[in-house]
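Here the structure is laid out as structure tokens; the discussion comes afterwards.
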Amino acid sequence: MPELPEVETIVRGLDKRVAGDTVESVWIGSKPQPLKSPASVIARALEGKRIARVRRAGKHIVFELEAEAHPAQWIVHLGMTGRMVVSESAAEVVKHTHLIAKLASGRELRFIDPRMFGKLSVVTAGFDPGGVEPLEVTEERFIALFHGRKTPIKCALLNQKLLRGVGNIYADESLFRAGIRPRRRASTITRAQFSKLHRALREVLRKAIALGGSSISDYVDADGSEGFFQFQHRVYGREGEPCLVCKSPIRRIVLAGRSSHYCATCQR
DNA sequence: ATACCGACCTGTCAGC
DNA sequence: TGCTGACAGGTCGGTA
């Protein structure tokens, strides 16, 4: 489900609501799939801990847990369908709820994930998912990331070891805005085009964050509110519909196993 | 290194 | 009213 703008929206909501709150107890469901760390490790790391703050690293949610001796971080990756919401304890526990952390304030932090592609873990060393943040990377650094790579530019954009946080929607949308086809080999793209792509990607991500992300089917923020960037999509999910610039039908191909949408006229 | 592919799961929707 | 297949914001591991 969630790419950088969605995770950023969720993290801002979580930080506003649970930073400074303390985890009193943790319930973890019996489905083992969403856990990278053992359930007992996660429960022990959370229980009794104050959440100093919540931040984002790529598509990961990072809960900074306070501790005198060994500060730890609770890392949550939402996968495709994961949700992290703050609920009143009286609220109905929906199907596919895998973890509930009861907070001192009386509210609950709930992790819900129907497809169970999400991952929960606890780390004590500094968490580093690798890759650079697209909203922080300079143009020079951005261009250098792709230097000499023969892989299609879209595959490179999705590679979290290069850039962290870009997913299928924002890769397609930024490539459209930069006028580059998803299959173009990175090594054949000019500096001027990379410069355009760098700008387009940052603009798309910033605008999406401003609109609370894209809600396609089930994405909601920490409040349960939907985003609005889906109404700004120019190619994603628009196969067969006319290009908003030139009216050619938007094409859909499969690249790296993912649907990829582009305009054959506007993108080269 | 790099590519493609299936696997991991459940849910939804279109078509028959 | 089924049933079947395609598809879904992500990542990982195996294979050429």
Side-chain angles (χ1 to χ4, degrees), chain A residues 1-11 29-36 56-61 75-85 94-98 111-121 127 129-131 134 145-176 182-188 201 204-205 207-209 211-222 225-240 252-261:
Chain A
M1 150 176 56
E3 305 180 31
L4 189 154
E6 290 76 36
V7 179
E8 179 65 26
T9 303
I10 291 166
V11 157
S30 53
K31 295 271 179 65
Q33 288 84 348
L35 306 180
K36 263 169 97 180
R56 179 185 63 74
K59 296 174 191 170
H60 301 265
I61 301 170
I75 311 297
V76 177
H77 192 294
L78 297 172
M80 289 280 260
T81 53
R83 295 162 57 178
M84 184 63 78
V85 296
V94 301
K95 198 175 172 187
H96 305 302
T97 298
H98 304 298
F111 175 69
I112 303 149
D113 185 9
R115 288 178 73 180
M116 295 187 290
F117 288 172
K119 291 280 182 291
L120 309 179
S121 60
F127 175 67
L145 286 176
F146 305 107
H147 184 77
R149 293 189 181 264
K150 298 198 195 104
T151 189
I153 183 61
K154 171 157 179 189
C155 297
L157 287 174
L158 292 178
N159 183 343
Q160 303 294 300
K161 295 295 168 210
L162 301 176
L163 286 172
R164 62 193 201 199
V166 181
N168 209 28
I169 293 178
Y170 300 101
D172 280 5
E173 291 297 321
S174 58
L175 286 169
F176 174 77
R183 270 218 191 94
R184 265 288 286 286
R185 309 255 152 206
S187 55
T188 69
L201 177 60
V204 163
L205 294 175
K207 187 150 190 203
I209 292 170
L211 293 180
S214 301
S215 290
I216 305 292
S217 60
D218 53 8
Y219 157 73
V220 289
D221 69 11
S225 313
E226 295 190 346
F228 297 97
F229 193 73
Q230 63 276 20
F231 303 116
Q232 306 288 320
H233 293 176
R234 298 187 189 166
V235 286
Y236 185 84
R238 298 193 64 242
E239 182 187 8
R252 173 181 171 275
I253 57 172
V254 175
L255 243 187
R258 318 295 306 279
S259 276
S260 301
H261 313 77

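In this text the structure is predicted, and so the values were computed from the model without any measurement. Just so we're on the same page: letters track the sequence lines, and every chain starts at 1.
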Sugar-phosphate only, base, or nothing, as touched by A:Lys150 at under 4.0 Å among non-hydrogen atoms: sugar-phosphate
Phosphate OP1/OP2 of C:dT11 contacted by A:Lys161 side-chain N/O (<4.0 Å): no
Contiguous Watson-Crick or G-U pair runs (3 or more, under 3.5 Å) in DNA chain C: B:2-8 with C:10-16, B:10-16 with C:2-8
Sugar-phosphate only, base, or nothing, as touched by A:Tyr170 at under 4.0 Å among non-hydrogen atoms: nothing
Nearest-nucleotide pick for A:Glu3, side chain only, options being C:dG10, C:dT11, C:dA8: C:dG10
Euclidean distance for C1', B:dC8 against C:dC3 (whole angstrom): 24 Å
Sugar-phosphate, base or nothing in reach of A:Gly257, heavy atoms under 4.0 Å: nothing
Sequence-distant partners of A:Tyr170, ring pair (Phe, Tyr, Trp, His ring centres under 6.0 Å), two or more places apart: A:Phe229
B:dC8 base stacked by A:Phe117 (centroids within less than 5.5 Å, tilt under 30°): yes
Contact under 4.0 Å: A:Thr151 side-chain N or O vs B:dA3 OP1/OP2: yes
Closest nucleotide among B:dG11, B:dA3, C:dA8 to the A:Pro152 side chain: B:dA3
Candidate list A:Lys154, A:Arg238, A:Arg258, test salt bridge (charged side-chain N to carboxylate O under 4.0 Å, His left out), partner A:Asp172, passing option: A:Lys154
